[in-house]
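The structure appears right after this line, and notes come after that.
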Amino acid sequence: MTTTVSAATRAEYCVIACADAWRDNGEVLASPMGLIPSIGARLAKRTFSPDLLLTDGEAMIVGLDGEPEGWLPYRQHLTMVTGGRRHVMMGASQIDRFGNQNISCIGDWERPARQLLGVRGAPVNTLNNPVSYWVPKHSSRVFVEKVDMISGVGYDSAAAAGPSATRYHRIPRVVTNLGVLDFETPDRAMRLASLHPGVTVDEVAEATGFPVARPDEVPSTREPTPEELRLIREVIDPKGLRDREVPS
């Protein structure tokens, strides 16, 4: 008897796009921040990136079943963080065309209209190891021409700071509910790399506060395999929490 696999949801395409951020990373520490990035990291380790290291969010390296496999003392964590052996996927309250990210405040620093999380570890993350981003709702309020404050360092800011800032700096991708963006352009400006099924180039342009570079033909985000869908639906997220973050 053949079992039919239902079509992937928008949330599942987002999971796949997040998982692919860790493809070919080797033995690095994955630090996903948020539900869909976490599902993506766990999927990557179960499939094409078996050497990926996952933690319980505190101090233990964990296996596929969540059981502790080793201790990650703070000193070792810092060594990995400062040597490019960690790949973070953070969120962004604002992000601009060169990848500068803001999670600190909206409005002028002297009298902000809204106080957010604060800079936290974003500068160190972005200068010392690869950082990707996850934005569950792609809009011109998030994708702005210039961020109100730089928390995570973008390509133009890193270049201006010199070699010490660019040694490990890299932004592999930005995943949103509409598609995947990267910085594979001559001037390191944001580029539309793929569209999730059902999304148009015009939708992305309308939801972005600056012109986005794009190829003549924008590909679709890759299809999840039947085994990847099984793992997402039956093993990693059987309660379907992903669909609450990105509704179909």
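The figures here come from the full heavy-atom set of this structure, side chains too, leaving out hydrogens, waters and symmetry mates. It should be emphasised that the depicted structure is a prediction, and the values quoted were computed from it without experimental measurement.
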*Show your working on side-chain hydrogen bond (donor to acceptor under 3.5 Å, both in side chains) between Arg173 and Ser132 and close with a plain yes or no.*
CA-CA 5 Å; Arg173 61 177 48 197; Ser132 293; 5.8 Å; no
*Should Val174 and Ile95 be marked as a side-chain contact (heavy atoms from CB on, under 4.5 Å) after you check the CA-CA gap, both sets of side-chain angles, and the distance that decides it?*
CA-CA 10 Å; Val174 180; Ile95 189 167; 4.0 Å; yes
_Stepwise salt bridge (Lys or Arg N to Asp or Glu O under 4.0 Å) test for Glu12 and Arg233_ = CA-CA 9 Å; Glu12 288 163 346; Arg233 295 170 179 178; 2.8 Å; yes
*Does the pair Glu227 and Arg230 meet the rule for a salt bridge (Lys or Arg N to Asp or Glu O under 4.0 Å), with working shown?*
CA-CA 5 Å; Glu227 175 61 9; Arg230 186 192 71 80; 2.9 Å; yes
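Checked by atom type and distance alone, the side chain of Gln101 pairs as donor or acceptor with a backbone atom of Gly91 at under 3.5 Å. Not one N or O on the side chain of His87 forms a donor-acceptor pair closer than 3.5 Å with the backbone of Pro172. Side chain of Asp96 to main chain of Gly99: a donor-acceptor pair is present (N/O by atom type, distance under 3.5 Å, no hydrogens or angles). Checking side-chain atoms of Gln94 against main-chain N and O of Asp148 turns up a donor-acceptor pair under 3.5 Å. The main-chain N or O of Phe210 is never found under 3.5 Å from a side-chain atom of Thr208 such that the two would form a donor-acceptor pair. Under a 3.5 Å cut-off, the side chain of Asp237 and the backbone N or O of Ile39 do not form any donor-acceptor pair. Looking only at distances, a side-chain donor or acceptor of Arg46 sits under 3.5 Å from a matching main-chain atom of Leu64. The backbone N or O of Ala207 lies less than 3.5 Å from no partner atom in the side chain of Ser140, so there is not a single donor-acceptor pair. Thr200 contributes a side-chain N or O that, together with a main-chain N or O of Glu203, makes up a donor-acceptor pair within less than 3.5 Å. Not a single donor-acceptor pair under 3.5 Å links the side chain of Glu234 to the backbone N or O of Leu231.
The closest side-chain heavy-atom distance from Met33 to Asn125 is below 4.5 Å.
Applying the 6.0 Å contact sphere to CZ of Arg23 captures more than 12 heavy atoms from other residues, nucleotides or ligands. At most 12 non-hydrogen atoms from other residues, nucleotides or ligands lie less than 6.0 angstrom from CD of Glu206.
Between the CG atom of Leu181 and the CZ atom of Arg97 there is a distance of 12.5 Å, given to the nearest 0.5 Å. The distance from atom CG of Leu178 to atom CZ of Phe143, rounded to the nearest 0.5 Å, is 8.5 Å. Here Met90 contributes atom CE and Thr126 contributes atom OG1; the two are 6.0 Å apart, rounded to the nearest 0.5 Å. Considering CG of Leu52 and CH2 of Trp22, their distance stands at 7.5 Å, rounded to 0.5 Å. Ile36 CD1 to Tyr13 OH: the interatomic distance, rounded to the nearest 0.5 Å, is 14.0 Å.
A cation-pi arrangement is not found for Arg188 relative to Phe183, the charged atom failing to lie both closer than 6.0 Å to the ring centre and inside a 45° cone about the ring normal.
Across all their heavy atoms, Pro136 and Val246 have their closest contact at O-CG2, 4.4 Å. Taking every heavy atom of both residues into account, Trp109 and Cys105 meet most closely at CE3-SG, 3.9 Å. Of all non-hydrogen atoms in His138 and Thr176, the two that sit nearest each other are ND1-OG1, 3.0 Å. The nearest pair of heavy atoms linking Pro224 to Leu229 is CG-CD2, 3.7 Å. The two residues Val218 and Pro215 come nearest to each other via the heavy atoms CG2-O, 3.9 Å.
When the side chains of ILVMFWY residues are joined at heavy-atom separations under 4.5 Å, either directly or via intervening members, Val142 and Val144 end up in two distinct hydrophobic clusters. Cluster membership for Val153 and Tyr133, using ILVMFWY side-chain heavy atoms within less than 4.5 angstrom, is not shared. Hydrophobic cluster membership is shared by Val15 and Val235, with clusters built from Ile, Leu, Val, Met, Phe, Trp and Tyr side chains linked at under 4.5 angstrom.
In the model, Ser157 has a side-chain atom that pairs as donor or acceptor with a side-chain atom of Asn100 under 3.5 Å. No side-chain donor from either of Arg10 and Ser248 sits under 3.5 Å from a side-chain acceptor of the other.
A salt bridge between Glu228 and Arg222 is present, with a side-chain N of the basic residue lying under 4.0 Å from a carboxylate O of the acidic one. Between Arg111 and Asp108 there is no salt bridge, since none of the side-chain N atoms of the basic residue sits less than 4.0 Å from a carboxylate O of the acidic one. Residues Asp182 and Arg191 are paired through a salt bridge, judged by an N-O separation under 4.0 Å between the basic side chain and the carboxylate.
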